[in-house]
Every structure is written in structure tokens, then in C-alpha cells.
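In what follows, chains carry the letters A, B, and so on, assigned in the order in which the sequence lines appear, proteins first and then strands, with residues in each chain numbered from 1. In this text the structure is predicted, and so the values were computed from the model without any measurement.
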Amino acid sequence: MAERLEELESRTRFDPAEVEPPIAERWLASGLFHPQPEGSAQENYSIAIPPPNVTGSLHMGHALNGSIQDVLIRYQRMSGRRTKWILGTDHAGIATQAQVEKALRAEGSSRQQLGREEFVRRVWEWREHYGHTIVEQFKRLGASCDYEEERFTLDEDYHRAVLEVFVALYEQGCIYRDRYIVNWDPGTRSAISDLEVEEREETDTLYSIRYDLEGGGSMTIATVRPETLLADTAVAVNPQDERYADLVGRTAVLPLVGRHLPVIADEYVKRDFGTGQLKVTPAHDPNDFEIGRRHELDQVSVIGEDGRMTAEAGERFAGLTVAAAREAVVAALQQEGRIVASEPYRHSVPYSHRSGQRIEPLISLQWFMRMDELAGPAIEAVRSGAVRIVPDNHRRVYLDWMENIRPWCISRQLWWGHRLPVYYCEVCEHTHVAARAPERCTACGGPVRQEEDVLDTWFSSALWPFATLGWPAQTAELEAFYPTKVLSTARDILFLWVARMIMMGLRFTGEVPFAEVYIHSVIQAPDGRRMSKSLGTGIDPVDEIERHGADAVRFGLLAMSSSQDVRYSAEKVQQGQALANKLFNATRFALLRIATLGDVELDTLQPAPRPTAVEDRWILSRLQRVKAQTAERIESYDFSHAALGLYDFVYGELCDWYLELVKPRLASDPEGGDVGVGGGRAAGTGAAGEREALAATLLYLLRETVALAHPMIPFVTEELWSYLEDSGTLLAGSAYPRPAAELIDAEAEAEVERAIEAVTLIRGWRDSAGARPGKFVVARLEADGYGAMAEAVARLARLELRASGGEPGAEEPVPGAEEPALATVVIPGGVLEVLGGEGLDLAAAEQRRAAVRTKLESEIERVQGKLANSGFVERAPAAVVAGEREKLARLRGELAAL
RNA sequence: GGGCGCGUAGCUCAGUUGGCUAGAGCACCUCGUUUACACCGAGGGGGUCGCCCGUUCGAGUCGGGCCGUGCCCACCA
């Protein structure tokens, strides 16, 4: 220990870069993060991490969520629970495939050139190469995940779980294949789900186009997509619309094409919108598709999967891009004089979240999943509270979405992902759905080929909490850690992921996958914009860790977090860094002082609360309250207050006051130095037993504080623990401090708090009077309730105290006891009478006094007014009225004393 | 069009069930080589709590309206 203390003495500040890596290593080597699968999920505590994209890197959202989950996990682990933080990554179909394709392009190749098998091999290779970055980054953050059991959504076992679910849902009739209108993303050349579509406001031109009717007359149709006219197969009006009642049943002629279109009546058409006449394009508009199904209209597809016009669009337009086709169609219509009007039109346009390209609704043969049947129990789970969403204003959003849930397009035209376990007969087209490929067609014995499509990534993610634990096998892991306790995430994937996990969990395990969903803040850039690489607004958490330390980043993020979105605050991270440094130095100070006390043996000293002075009882009492408060805040997901409350305790009580109060008692020279001028309890005096008690108390305080802070700032606290606890045990595996009721001491709290207030007031006065910081002011304390604290007040406020005139025990006649006061400072319980001091500017002090008087007077007036109001006195609760009366008396006393 | 938020010191944010002489961190100003920490310490200035009505003895806190702002959901050509 001795050498370690020597080494500690030279470290005047906490250096995260030096300390963090070895600590992270000790944690990993300890096995603490890798629990044995024992006990029941009920008694254990588990969290399944939202799996980051396998080739991604840590962004602020990960860092925040990682900090949050780690606080919970560490807190629970220290509370004695068997904890497991399930770790893993997501294969992230589109994102990963896009990355590899980009790399291929750079080397002049393409996935088509490679072929499917080779391409998939290349992606695996890519994953080997880049797939560990983010996990390593989680380690740097200090996240105590179970790194020994890292999962991947394309692992063999995981794949088996996916197949099992797919086959079961198919057999249960929930999964089906359909030619349906989908959101086609020309960028990724794949269908995407509704949730991956984002609407953007845009200004287009709304054209009014004249369609002639057979047998005379015409209709005028408005559209922002004239190019889709080529695929019109009907014209519709509202059945209630008398204006057009006689048109229904007639035939319109499609301009440019000449196709005959029935005029139909459908409720969908709004009478008051535009002309009340609508062109119907079943193949390229979701609404029209529905109309088409209702009226059994033809489907003509003029836009292909490549985003270009097809042959069906006719020779003039085939091969054109959609944009070019629009121009060409408009030009052609203009030539025929069919454009009756055109005006700018603002509307929302669908874009792909994935590729950023404009969505092209078109009809495609895809796999879908019917959701209504699965949604029912998932709705009930949230309604009944089996799954609790925190904060609960997201509850309604979840329920609204679930109650209006629509089929989910689950097939993707990609190569990277779970290929559908669907096999078509090459001969008779018979469809087989099975986890294992059939040798031959069961109907005709012909050869079979597997479906080319893969599943939407979210399909596999939906199984995350149980597929990671070995399901469908009934593993010990599943028994011990499923259901998990809480799912922590930002709200943007509430539908995409959370809702689907609840549905799948209930369906396949019969249990909710987690008891609580905690929705955390989204961290925005400091200017309020979204943090994003493309905008250049991103802040890299790893950079921040390198600059300020992982503890600082964690503390900062926790302190920022809230129930709403917040801007990134570099100051909060600084604050965290300051806290780490402060704790480090406080511990360093205490240990080095104790070591020099001489008669205290640090190596054998047992940390224990052994108060011998009121400040001891005060800080011990305060510590108990902070313990209770911190635990309560962590358990209620109130991380910012947990972090900031701890900061306040460490700074505002432990360091600023307690350590200052106790310094004289820690002086190595029992005769005392120049500290503590007034009073009988000179520095360093006291029996050896008292010094030992103080040392024991200090050790106890520091150990408890450091342990209390550990879930939030694990590195610095673990480092300090190695000095405070020499058995070599890890703090990460030690017990979380619990409040000891017998140490709560309201009286001591009141006594010390009034002393603190007095010191602050006197310092303020000193400053206003220009008293030099180093010089003593001669004064007389004429106030009640200070007792043993009087001398501490004197020392901390730099006073040379003269005996009070009224003090019975004072040696009579004390010189100066009758000395007239030059000034008075109002403090709790009375006043301080200033008798003299070097270079005091009494005029300035007088100004301050006047200001205080004015403030007191106005406040007294306010309170008097309140108490004179009969309504207040009669109606307000008695305690409040009494409080005001007390306040008035106190203020009057202060004013009189001035 | 619906839903959910937000608007409190220069900045970022706290303010539980209405009782506040409205707080914190940062920034700013003054002072300080008091041997834990200058990533420090002490002190200080700074707010019509977006606006207007209302409820109440009392409103930053509750209700209504307005203005500003952000996000989510939604099939009006």
C-alpha cells in the first residue's frame, strides 16, 4: 500500500486514458459480466441490447443508450442480482449490402458480376473485418455486456429460429404471397415496408387533363403524375355526386393511348376535391390499387423495377426515366391541347429511408405477413401493464399504431439476409415452405429452387430477446434470462422493432419479451439539428471519450437525458470530467492525510461510520439520504437527476464542506499549524482514538460514495476502489450501498447547514467590504445555535472571534466584549458583529447592508400582505400559514438585528 | 388532417401532486500561489418563467385561446 500511496501522491489529476484500459481488462477477465445461467428470470435481471448494425460504429445514440443500460445493469449487479446484458449485432440487410456493393463498385465490380454465392461470401468477409469495431467501442464506454456470448442475427442458431418462426407463421396462415402494390425503392431495387418510407413536402405541378368521352363530352382530371396516365384503366366519380351520375357506366378514351376506360363510381373519390373526377391507375397508386380490386379493373404497369418506363408504356415512352417520361407525356398532351390548366401544387411525396430515392408504388409479387392476429395480444400486453412503456405518453402512440396495423411486406430483393425457406417446383410451380429444403417437389417429384428473396431485417430482429438465448431450444439461458426486464431505446424504432418483438415474443414464447420499455432522449446536435454524418452535425462519442474520458461522456449523456429530445451539451461532459477528477482528488487527499496521521494504521483500519463531531454526523446523515435518492432515481429511470444529484453531493457537501471542516483534525502535527485561529479545538488535537475514528469515517464515506457513483462513472470509481479496498476485489462486483436509517440525523443536518449558510453570508460580506482573502476579520458571534460549529465558522470565514458579551462562560471582563461593532452581518440565529480588520471598506459594506435591508423590507411587506389577506389565512392549509408567520418573524428579527 | 412535445438567466436545461424570496452547469465579472484538486477555490451580476384571458387566498406549475418551434402518424388525385 505504501508504494501505491507514493505513486498516488504524484498523480494530481485523474487521467482516464491511462486508467481506463487496464480497468476494462480487469473487468473482462473477472467473468463478472458473464453470468452462469442459473435461477429464474424472475429473480435475475437481464437486458437485451438493441443490436447495432454489424458494420456500424458507435454514435451518440448508442453511447447514451449504452450508458443508460449499463447504469441499470451495474446497479442491479451490485444489488446482488444475477445480471446479463445480452450482446450482439444485427446483419442489417440493406445497410451492409450497400456498403459492400459500394466497395465493389470502387474496385470496378458489382454483386451481379460476382454472383450470389460469391457476393454473400464477400459480405461475410467484410463482416469479419469491420464487424468488431462497435463491440470494441462498447467496451471503451465501459458497458458491462456479456462479451463472452456475442450473438449475430445470421448465426446458425439464430437462423434456425428465424426459419422456425417463418414456417410456423406460414402454416398458421399469417404469412402469404401476393401480387400487391408495394413501396418500390428503385435505389435498392427492393420493396420496402411502410415504416421505411418517409414523406417529404414537395412542390409539383398539378395538371388538369381533358379525357374525351365516347359518344361526346369530356371529363377533366387532375394529377401530379401525368406519366402514370399511361396506366389508367378507369375514371371514377363519387356515387353520391349528382353532377356526374349520368357519366357512370359510360366510357372515356385515354389520351395518347386510346384505351377505353370505364367510368365507375367509388366512395374514395372526394366530390369537393378538384373536379371530383379521378383517374384510376391501379398499378401505380396504392389507393387506385384498392379501387381496382373493388371494381376488378385491369392492371397496366408502365413503370418497371428499374424506375424506367416499360414496354407497356408504349414505344414513345419505353425506356425513359420517370422524370423524362413526365416531361414527354406533358409535351404530348400539350400538343393535343389536352392540358386544360396547370398550377404549382404542394404535397407530400414518399421517399425511401434506405436509399433516399423517390418511392415508386408498383405491383409486385411479394411475401406479406398479416399482423392483426398478432397485434391483439400485444395490445393487451401494454393495456394491462404486462409491458410498461416509460414515459407513458408513448403508450398511446403504440396503441394507435397497433390498432390500425396493416400487413407487413417482409420480402426484400437482396442477397444479404435470411433467405426465405420457400421452394418452388420447377415443373409444377408447387410452393413448399419448410426449414429444410425438400429434395423434390412433393406434388410432382420435379426439382425445386429456393426463393431468391431474403427477409426484412426487422423480421429477424423481432426475435432478438429470445433467439439470442437459444430459442427454440429450451436452454438454461432462456430459463434464466427470459423474459428480459427492460428494453431501452429511442422512440424511432418503437414500431419498427419494439412492437414487433412484443408480438413475436407473445406468439412464440407465450410471454412478453420485456416487462418495461424505456424510451430515451434523442440527442441532437448542439444547434438543434439532427446529428448526422451527412449533415456534418455528428459528434463522435469515441472522440469525446478520448478527450474527456469514458466516465465524463457517460455522466454527461446521463445528465443530458430527459423524457424529451435534448441538445448535446459539451458542458455536461465537462461536468462529468470535473466530477471524476474531484472524486479522485478527494480520495487522494483523504488517504494521504490519513497515512501521515502517524498513529493510524491505514492497512488495518476498518472503514466504519464512527462520528465524533457534528460534521461527521451531518455528512453521514446526508450520505444516507443521497443513497436512497440515487437508488430511487435509477430505478425510476431518472438518470439526469441521479447523476446531477450525485454531483451535488460530492461537490456541494462532501468536498466543499465536509473535507474543509475536517482538515484541522487531519493535520499531521498535533500542535497544529497556522490553521484554525480561534477557539479551543485547535488543529490536530484530540486523542489518537478520535483521529482513528475520523480516518475510519472518511474511508467509509469515500467507499460508499465511490460505490454509489460506480454505475454511472465506473472507471474512476473502480480505480479509487483499488486504493480504498485492498483485498483486490472489484467494485463492479461489490455491494451497492444502502441507506442506514440509524445514521440519519436531522439535528446535525440543521446545525451544520446553518453554519454553512453563516459562512457563506460572512464571506459575501467580507467580499463586499474588500477584506483581503488571507486576512482575518475580528468579530463577535452574537447568534444562537452554533455550538461546536462556531469555531469552524470562524475558520472558514477567516474570523478572529472575540468572546461574545453575553456568553456566560466568558472570562470577565473580556477585553473587547463591549467594543462597539463597526458593522453587523445577519446570519441564521443572530448576527456577527464586526469589530475590526485590515483594510476594510466600511462604506462599501454599508452599501451592501442597505441593499440587504431593502430586500428584507420588501419581503416583509410581501409576507405581511399575504397574512393580512383573510382569504389566504382562512383557506390556505394551516401549515402554509404557519410557515409564512414563521418566515415573517424571522425576517423581522433579521431586520431588527441589522 | 390527427397525435405527442417544447418555449424558464447569454447558452443548455431542472423545477414532483399549485405555496418560489424561481435553481443548476457553462459563459461573464471581481478576488485568491489557504500544501486534495487552477480540469481549483471564494464571491457577484444576470430572469415581465412566449403572449392574452380564466380558475384560485395563491399559478412557472391547472384550464381555454393565440403566437413560435420540433417530432411522430395519415391514401385526398
Side-chain angles (χ1 to χ4, degrees), chain A residues 9 12-14 199 206 221-225 228 236 268-270 272-281 285-290 345 347-348 361 393-394 396-397 400-401 404 491-492 494-495 522 524 526 528 530 548 552 559-560 562-572 574-575 577-593 638 640-641 644 647-648 652 655-656 659-660 663 673-675 759-760 763-768 770-774 796-798 855-856 858-859 862-863 866 869-877 879-881 883-884 887 891:
Chain A
E9 187 164 20
T12 58
R13 56 173 74 158
F14 176 65
E199 302 283 332
L206 181 68
I221 272 124
T223 181
V224 287
R225 304 206 56 193
T228 64
Y268 172 75
V269 184
K270 305 278 175 294
D272 50 0
F273 191 92
T275 57
Q277 303 177 341
L278 177 73
K279 75 191 215 33
V280 183
T281 320
D285 181 283
N287 298 308
D288 293 6
F289 180 82
E290 295 298 341
Y345 186 69
H347 66 148
S348 58
N393 51 327
H394 297 283
R396 174 136 168 235
V397 180
D400 282 351
W401 185 76
N404 298 299
R491 62 172 190 287
D492 54 348
L494 185 61
F495 308 141
V522 171
Q524 302 167 328
R530 212 176 174 81
H548 306 285
M560 274 173 241
S562 145
S563 57
Q564 63 191 62
D565 292 355
V566 289
R567 300 180 182 205
Y568 185 77
S569 159
E571 291 78 17
K572 287 280 191 299
Q574 293 277 15
Q575 207 180 336
Q577 189 175 358
L579 176 64
N581 189 247
K582 195 74 171 174
L583 265 180
F584 182 83
N585 272 294
T587 305
R588 173 169 165 267
F589 165 73
L591 287 175
L592 292 172
R593 278 299 174 86
D638 184 3
S640 67
H641 289 109
L644 293 169
Y647 176 94
D648 286 343
C655 293
D656 288 351
L659 291 183
E660 293 303 325
K663 270 180 182 174
D674 62 342
V675 257
V759 169
T760 306
R763 281 173 177 167
W765 181 88
R766 283 182 62 114
D767 211 59
S768 71
R772 304 295 298 169
L796 295 174
R798 299 250 137 193
K855 199 173 170 198
L856 275 175
S858 76
E859 192 49 29
R862 213 184 63 87
V863 179
K866 221 172 180 178
N869 180 344
S870 61
F872 173 72
V873 179
E874 284 158 26
R875 304 215 183 179
V880 172
V881 177
E884 290 295 316
K887 189 200 285 180
L891 293 170

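Across B:U21 and B:C73, the matching C1' atoms stand 46 Å from one another, rounded to whole Å. Separation of the P atoms belonging to B:G47 and B:A9 is 10 Å when rounded to the nearest angstrom.
In this structure, the separation between CG on A:Leu583 and CZ on A:Arg588 is 14.0 Å, given to the nearest 0.5 Å. One distance of note links CG of A:Leu796 with CZ of A:Arg763; it measures 5.5 Å at 0.5 Å rounding.
A straight line from CG of A:Asn581 to C1' of B:A36 spans 10 Å, rounded to a whole angstrom. Rounded to whole Å, the distance from CG on A:Asp767 to P on B:U34 is 16 Å. Spacing between atom CG of A:Asp272 and atom P of B:C76 amounts to 14 Å, rounded to whole angstrom units. The CG-C1' distance, from A:Leu796 to B:G41, rounds to 12 Å in whole Å. Atom CG in A:Asp565 sits about 14 Å away from atom C1' in B:U12, given to the nearest Å. Here B:C75 presents its P atom at 7 Å from CD of A:Glu199, a figure rounded to the nearest Å.
Across all strands, A:Arg766 comes closer than 4.0 Å to no nucleic acid atom at all (heavy-atom distances). Residue A:Glu660 is in base contact, counting any heavy-atom pair closer than 4.0 Å across all strands shown. Contact annotation for A:Lys866: no contact, since no heavy-atom pair falls under 4.0 Å across all strands. At the heavy-atom level, A:Arg225 lies nowhere under 4.0 Å from the strands shown. At a threshold of 4.0 angstrom between heavy atoms, the contacts of A:Val566 are confined to the sugar-phosphate backbone, with no base atom among them. Among the heavy atoms of the strands lying under 4.0 Å from A:His641 are primed sugar atoms or P, OP1, OP2 only; no base atom is included. Among the protein residues, A:Pro773 comes within range of the sugar-phosphate backbone only, with heavy atoms under 4.0 Å from sugar or phosphate atoms but none that close to a base. Heavy atoms of A:Pro526 sit nowhere under 4.0 angstrom from any nucleic acid atom. No contact: A:Ser870 has no heavy atom under 4.0 Å from any strand.
Cation-pi geometry between A:Lys572 and A:Tyr647 is not met: the NZ or CZ atom fails to fall both under 6.0 Å from the ring centre and inside 45° of the normal.
Take the nearest nucleotide of RNA chain B for A:Arg588 and for A:Val880: the residue whose nucleotide is more 5' is A:Val880.
Contact annotation: A:Arg13 side-chain N/O to B:C39 OP1/OP2 distance is under 4.0 Å. Within the 4.0 Å cut-off from OP1 or OP2 of B:U21, at least one side-chain nitrogen or oxygen of A:Lys887 is found. Between A:Arg491 and the phosphate of B:C72, there is no side-chain N or O to OP1/OP2 separation shorter than 4.0 Å. Contact annotation: A:Arg567 does not reach the phosphate of B:C11 (side-chain N/O to OP1 or OP2, under 4.0 Å). Contact annotation: A:Arg396 reaches the phosphate of B:C4 (side-chain N/O to OP1 or OP2, under 4.0 Å). Between A:Ser562 and B:A14 there is a side-chain N or O to OP1 or OP2 distance below 4.0 Å. OP1 or OP2 of B:A36 lies within a sub-4.0 Å distance of a side-chain N or O belonging to A:Lys663. Checking the phosphate oxygens (OP1, OP2) of B:A77, a side-chain nitrogen or oxygen of A:Tyr345 falls inside 4.0 Å.
Nucleotide B:C6 forms a Watson-Crick or G-U wobble pair with B:G68, both donor-acceptor distances falling under 3.5 Å. With both pairing distances under 3.5 Å, B:G1 is matched to B:C73 as a Watson-Crick or G-U wobble pair. Pairing for B:C62 is with B:G54, a Watson-Crick or G-U wobble pair whose two hydrogen-bonding atom distances lie under 3.5 Å. Here B:G32 sits opposite B:C40 as a Watson-Crick or G-U wobble pair (both hydrogen-bonding atom distances under 3.5 Å). Across every strand in view, B:A24 sits in a pair with B:U12 that passes the Watson-Crick or G-U test at under 3.5 angstrom. Pair assignment for B:G46 gives none, since no Watson-Crick or G-U wobble pairing has each distance under 3.5 Å.
A:Phe584 and A:Phe14 have tilted rings, their planes meeting at an angle from 30° to 60° on a 0 to 90° scale.
A:Arg862 is listed as a side-chain neighbour of A:Lys887, based on a closest heavy-atom distance under 4.5 Å.
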Could you give me the CA-CA distance, side-chain angles and deciding distance for A:Tyr268 and A:Leu278, then say whether side chain to side chain contact (heavy atoms under 4.5 Å, CB included) is met?
CA-CA 10 Å; A:Tyr268 172 75; A:Leu278 177 73; 3.8 Å; yes
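Salt bridge absent: A:Asp565 and A:Arg530 never bring a charged side-chain N and a carboxylate O closer than 4.0 Å.
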